[in-house]
Every structure is written in structure tokens, then in C-alpha cells.
2 protein chains.
Amino acid sequence: MNYGIVLFPSKKFQDTANAYRRRYDAHYANIPPHVTLKESFNFDEENLPLITRALRTIAKKHPPVVIDIYKVDTFYPQSTTIFYKIKENETLQSLNDALYTEPFPTEKEHSVFVPHVTIAQGLSKAEHADIIGQLTMTEVSHREEIDRMQLLYQLENGSWTVYETFLLEG
Amino acid sequence: MNYGIVLFPSKKFQDTANAYRRRYDAHYANIPPHVTLKESFNFDEENLPLITRALRTIAKKHPPVVIDIYKVDTFYPQSTTIFYKIKENETLQSLNDALYTEPFPTEKEHSVFVPHVTIAQGLSKAEHADIIGQLTMTEVSHREEIDRMQLLYQLENGSWTVYETFLLEG
């Protein structure tokens with residue numbers, strides 16, 4: 001089974017992100033706007049209690065996370081993904097580190113953790129070139145605190161269902 | 001803010017339901033396959049702690065729920081919604097009752113609780129007539145236990161995000 005671990009920002013901010021995602025994000029219908037803490041990983045469903053126990057421990061040790069969004073950026077030329085960039089901070093980095101430590105799979109797809117909320121992906125190079133200028137010029141400034149993380153699993157159609165919420169109570 | 005309270009069945013059963021929902025359910029992209037315990041209700045976000053506290057108490061008092069799906073049925077002529085029907089049982093009914101008791105809004109849209117997983121909705125009468133015969137003839141027999149319920153809120157685009165999971169530990 002494929003699992004992922006994310007933060008959902010407030011409804012208000014999700015609505016803002018969706019205004020772009022509706023048009024530009026090929027995964028729009030698969031998952032609400034989110035901050036990925038751990039990328040999709042495969043794990044035996046049998047061993048799920050191991051994962052949920054570890055998540056409970058991690059959640060108890062970490063305080064709520066501040067999400068400070070300050071600009072629109074792109075991963076181009078690695079990919080045509082465009083995103084709201086979040087200022088790095090200790091809690092976010094520590095959560096990310098903990099989620100790449102056993103019992104979780106420790107392999108990283110990307111060497112550096114760039115906390116973000118995706119607003120466009122699956123674009124052609126031409127589409128990306130068309131919209132990146134206008135999007136990066138948009139002024140963005142949003143700050144909020146998120147006090148929970150979510151463990152999700154992926155259905156066969158590519159969409160994600162929440163399995164469990166973990167309150168950040170550290 | 002609009003909230004709802006649901007059970008998500010297993011991934012396997014969600015995949016089965018989605019095979020129909022993809023074609024027949026106008027809300028396919030808004031939420032994974034689910035059993036509604038409490039229909040969409042409006043509640044002041046400020047008072048959310050009241051709701052989550054109540055849900056924790058209810059979850060602690062109720063054991064995991066058995067979901068026994070035994071046929072495909074329709075709400076026609078009330079609506080053209082087609083669904084997997086779940087055998088009524090005490091725990092399901094008790095959860096439903098508790099979620100229509102204060103501090104939750106107590107008004108009921110439907111007088112009787114018919115536990116189900118929707119697989120088709122938003123159909124025209126003609127479409128409903130076309131597919132209901134074939135769907136109700138499908139033999140269905142599926143039984144599983146669900147040990148958690150989910151509080152969700154609705155985004156402006158109509159889709160639902162999970163706010164919190166409550167483990168049924170009674």
C-alpha cells in the first residue's frame with residue numbers, strides 16, 4: 001500500500017491554493033492542498049501499527065508547526081511543478097527528519113527538504129513558461145499554525161484517503 | 001463552515017465502490033467512498049473544540065463498527081442515488097443517535113438512518129432507470145470492521161478535507 005504524510009493548511013488557504021490548482025494541477029482531484037512531510041512510500045499494510053505508533057511518538061514530541069508562505073517558486077528545470085514556498089524552520093525540518101528514520105523507509109527522493117504547497121504540476125514546458133512569470137509576480141504572504149499531521153493511503157484511482165490524524169502536542 | 005462525519009471502509013472496498021462512482025457519481029472527486037454517520041452540518045469554526053471534545057467522548061464509548069454490505073439499493077423516487085446497503089446494527093445506530101445529540105445540530109434531513117455507501121448520484125431519471133436493474137442484480141456480500149470515524153470540513157470547491165480521526169475504542 002502507498003502511504004504519505006502531510007499537513008493540511010486552513011480551509012481559507014486551501015481555497016486560495018485550489019483556485020490555481022483547479023486550472024494547473026493534474027492532481028487537483030486526488031488530494032486537498034497540502035504540505036508533504038514524507039513523500040509517497042510503500043509499506044506492508046500488516047506493519048501499519050508500527051507506523052502509527054511511531055507517528056504518535058513523533059507527534060507528541062513536536063509542537064504545532066508555523067507555516068510561513070512568502071513566495072511562489074518553481075522546481076523547473078527538475079520538473080514543471082510550481083508551488084507556494086514555505087520558510088524553512090526547525091520544527092518542519094525535525095518532522096521531516098523523523099519521518100525518514102526507521103521504522104519509516106529512509107530513502108529520500110530529494111536530497112533537500114523544500115517545504116511547499118504545490119499549485120501546478122503536470123504542465124508542459126510551454127504551459128509552464130506561459131504561467132510562471134505571472135505566478136511568481138503574485139505577491140504572497142501568509143502565516144498560520146498547523147497543529148496536526150495526517151497519514152494517508154492511496155487508492156487505485158490515484159486519490160488519497162486519510163487514515164489517521166496525529167496532533168502535534170510537543 | 002460545513003462539517004460532516006463519516007467512516008471510510010478499507011482501501012479494497014473503496015476501490016470497488018470507485019469503479020462505479022467514477023462513472024455514476026457526480027461527487028466522485030469530492031470525497032473517497034464513505035459511510036455518512038452525520039450529514040453535512042454548519043457549525044461555527046470557533047466552537048470546533050466543543051465538537052472535537054464530544055467526538056472523543058463518543059469514540060471512547062463505541063466499539064469498532066461492523067459494516068455488513070448485502071445488496072445494492074436505490075433511494076428512488078426520493079432521489080436517483082444508488083448505494084451499497086449496510087445491515088443496520090446497534091453500534092451504527094448508536095453512533096448516529098449520538099451525533100444528532102447536542103452539542104451537534106440535532107435536525108435530521110432524513111427521519112430514518114439508512115447506513116450506506118453511495119455509488120451513484122446526480123443521475124437523470126433516464127440514466128437511473130438504465131442502470132438500476134443491472135446494478136441491483138449484482139451480487140454483493142462484503143463484511144469488514146471499521147475502528148475509526150473521521151470529522152471532515154468542506155472546501156469552497158465542494159471537496160472535503162479530513163480534520164481529525166477518532167478511534168472507536170469502546
Side-chain angles (χ1 to χ4, degrees), chain A residues 1-23 25-35 42-43 45 48-49 52-53 55-56 59 117 144 146-169, chain B residues 1-23 25-35 42-45 48-49 52-53 55-56 59 117 146-169:
Chain A
M1 191 113 95
N2 287 330
Y3 296 92
I5 303 169
V6 308
L7 306 171
F8 290 130
S10 62
K11 171 184 179 296
K12 201 180 148 210
F13 192 73
Q14 288 184 60
D15 287 336
T16 304
N18 268 341
Y20 292 109
R21 294 179 77 230
R22 174 179 296 121
R23 281 177 287 167
D25 188 342
H27 293 176
Y28 172 59
N30 287 345
I31 185 168
H34 61 279
V35 181
N42 198 277
F43 205 81
E45 200 182 341
L48 192 52
T52 53
R53 264 202 308 274
L55 281 167
R56 267 176 219 134
V117 177
E144 63 176 73
I146 302 179
D147 66 354
R148 56 199 61 216
M149 59 180 172
Q150 313 273 358
L151 172 65
L152 304 95
Y153 55 88
Q154 191 168 31
L155 303 184
E156 292 308 311
N157 69 358
S159 70
W160 294 84
T161 300
V162 168
Y163 183 72
E164 191 164 332
T165 310
F166 302 88
L167 301 180
L168 302 171
E169 301 180 301
Chain B
M1 190 112 96
N2 288 331
Y3 296 93
I5 302 168
V6 308
L7 306 171
F8 291 129
S10 62
K11 172 186 179 294
K12 201 180 147 208
F13 192 73
Q14 288 185 58
D15 287 336
T16 303
N18 268 342
Y20 292 109
R21 294 178 78 229
R22 174 179 296 123
R23 280 177 287 170
D25 186 342
H27 293 176
Y28 171 58
N30 287 343
I31 185 168
H34 60 279
V35 182
N42 199 276
F43 206 81
D44 217 348
E45 201 182 339
L48 191 53
T52 53
R53 265 201 307 274
L55 281 166
R56 267 177 219 134
V117 176
I146 302 180
D147 66 354
R148 55 199 62 216
M149 59 181 171
Q150 313 274 359
L151 172 65
L152 306 93
Y153 55 88
Q154 192 170 30
L155 302 185
E156 292 309 309
N157 69 357
S159 69
W160 294 85
T161 300
V162 168
Y163 182 72
E164 191 164 331
T165 311
F166 302 89
L167 301 181
L168 302 170
E169 301 180 301

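In what follows, every chain begins at residue 1, and chains take the letters A, B, ... in the order their sequences are listed. Computed from a predicted model, the values in this text were never measured in an experiment. The basis for the numbers below is simple: all heavy atoms, side chains too, and nothing from hydrogens, waters or symmetry mates.
- With sequence neighbours excluded, no residue forms a side-chain hydrogen bond (donor to acceptor under 3.5 Å, both in side chains) with A:Arg23.
- With a threshold of 4.5 angstrom between heavy atoms, A:Phe166 does not approach chain B through any atom at all.
- When the salt bridge (Lys or Arg N to Asp or Glu O under 4.0 Å) test is applied to A:Arg53, no partner is found at least two apart in sequence or on another chain.
- At a heavy-atom separation below 4.5 angstrom, chain B is approached by A:Tyr153, A:Gln154, A:Leu155, A:Glu156, A:Asn157, A:Trp160, A:Thr161, A:Val162 within residues 153-162 of chain A.
- Around the CD atom of A:Glu45, the shell of radius 6.0 Å holds no more than 12 heavy atoms that belong to other residues, nucleotides or ligands.
- Chain A forms more heavy-atom pairs under 4.5 Å with one residue of B:Leu167, B:Asn30, B:Ile31 than with any other, namely B:Leu167.
- Within residues 4-13 of chain A, the residues having any heavy atom closer than 4.5 Å to a heavy atom of chain B are A:Phe8, A:Pro9, A:Lys11, listed by residue number.
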